[in-house]
Amino acid sequence: MSKLLKRALKNSLVPAILMIAGKALGIFIVSAKYGFPLEIGNDINGLFSTQIYFEDAQVTYFVNSVSDLIMLIVIAVPTIYQIIKTAIFQSTFSNPKTIVKIAKFNMIQWVTRDDTTFLKIFVWCAFLWLCTGLIVKNALEGDSFTWIAIVGCILSLLSGFGALKTFEIEVSRVYPDSKKYY
Amino acid sequence: MKNQKLKKFFTLVLEPFAFGILALIFIIPTITVVNLEPITKVLKNLDVLGVSEQARVEINAIEGTHQIFGREKLLEDESGTFTYTTTLTRREADRYSKPILEIKNNRNIDVKLEIYGNTHLPTYSNISMIINDQSYKLQSPNGDVTTQNILLAPNQKYVVYLVVESFSNVQFNEDFELKIKEIE
């Protein structure tokens, strides 16, 4: 098995688990906090034939929206964190001002730990796009707040752009620009 | 040498499976999240002596997926009027039907329901509903709306089918709204 495939499998497990956990915990936390009665049923309606029922349509709408938001945050925050970290790390190579600023904030150890790769960012970004797709679908069907879908779209576009930039940096490491050296 | 060959063979065999697993890691969370989306349904009221249903008319959406009937919603307002909405997608001239609602009369007496429904614009389609194999007209092709009164026998369950019959191809989506009100 190729190394790339092994690492892709390893890197995609955490966001997959977080995506499900974010949605499920979102539903249960909101229900518990606001005291909404919920029921778990086994009607044959979906692939897993397990549904979560609420009595009121407004409650369903609210719980679904908040759980979508929690799922989005759970995936978006680590993705953006990794992109920012990589961007700062790469910036230190070309810009001495960045090193000075990082030293000033005592963040050198955090930034220089190069454990974030393009593959990791790409996998997290793919999960963020998946989450956004689901939220947009919900918003279009009137099951979730529209602003959550808009926030998701903006975050996905930004992280997509960030992932692309990281890819460019990784590529320039392998194939450096000849003008830089000669 | 033999060991190396064996390792190479296993690598070759395992790789497609690994790709499959990678795809599943993306597919399974997506399906799970879709399935976790909460649904509105009248919950059972439990008391300490056992299960008891409130003596009222209970209406639940059947939902499910359909090529023509999409984005189904069922809401109940404070006055007890149920509003069922769906989007009828563009379609070829034909007759389409789908079970949309389950109505249960939990009372020990007959209950009369007033049901009427229409699209916002005339659609040149016949829209009707079927309850217990009997057809009830809701909207005629020119947009005229007919109000139907349905008598529900005590402790009986009814499945309402929505039927749309178009005589020519419909090239646009239209929103259909059905109102259900208890009158007696």
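A, B, ... follow the sequence lines: proteins, then strands. Residue 1 opens every chain.
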Exercise for the section: Please tell me if the side chains of A:L13 and B:I25 come closer than 4.5 Å, counting only heavy atoms from C-beta onward. Expected result: yes

Handout entry: A:N138 and B:E37: side chain donor to acceptor below 3.5 Å
Key = yes

Practice task
Group every Ile, Leu, Val, Met, Phe, Trp and Tyr by side-chain heavy-atom contacts under 4.5 Å, then state whether A:L25 and A:V63 land in the same group.
Solution key: no

Handout entry: Donor-acceptor under 3.5 Å (A:K23 side chain, B:P29 main chain)
Key = no

Handout entry: Closest non-hydrogen atom pair, A:L9 against B:A18
Key = CD2-O, 4.0 Å

Exercise for the section: Give the cluster check for B:Y84 versus B:V145: same hydrophobic cluster or not, with ILVMFWY residues linked at side-chain heavy-atom distances below 4.5 Å. Expected result: no

Exercise for the section: Check the surroundings of atom NZ in A:K137: do more than 12 heavy atoms from other residues, nucleotides or ligands lie under 6.0 Å from it? Expected result: yes

Problem - ILVMFWY network linking A:Y34 to A:I40, side-chain heavy atoms under 4.5 angstrom - result: yes

Exercise for the section: Give a yes or no on whether B:I68 and B:F172 share a hydrophobic cluster (residues Ile, Leu, Val, Met, Phe, Trp, Tyr; joining criterion: side-chain heavy atoms under 4.5 Å apart). Expected result: no

Handout entry: Hydrophobic cluster membership, A:I80 vs A:W129, 4.5 Å side-chain cutoff
Key = no

Problem - Gap between atom OH of A:Y61 and atom CG of B:L75 - 0.5 Å precision - result: 11.5 Å

Problem - Region of A:L140 in contact with chain B, defined by heavy-atom distances below 4.5 Å - result: backbone

Exercise for the section: Please examine the side chains of B:P38 and A:I27, heavy atoms only from C-beta on, and report whether any two atoms are closer than 4.5 Å. Expected result: yes

Exercise for the section: Could you tell me the separation between the CD1 atom of B:I39 and the CD atom of A:E39, rounded to the nearest 0.5 Å? Expected result: 11.5 Å

Fill in the blank from the handout: For B:V34 and A:L134, the nearest pair of non-hydrogen atoms, with its separation, is CG2-CD2, 3.5 Å

Handout entry: Nearest non-hydrogen partners of B:F26 and A:L130, listed with the distance
Key = O-CD1, 3.7 Å

Handout entry: Note, A:M19 side chain near B:T32 side chain (heavy atom, < 4.5 Å)
Key = no

Problem - Contact origin within B:F19 toward chain A - heavy atom pairs under 4.5 Å - result: both

Completion exercise
For B:L74 and A:A57, the nearest pair of non-hydrogen atoms, with its separation, is O-CB, 4.4 Å

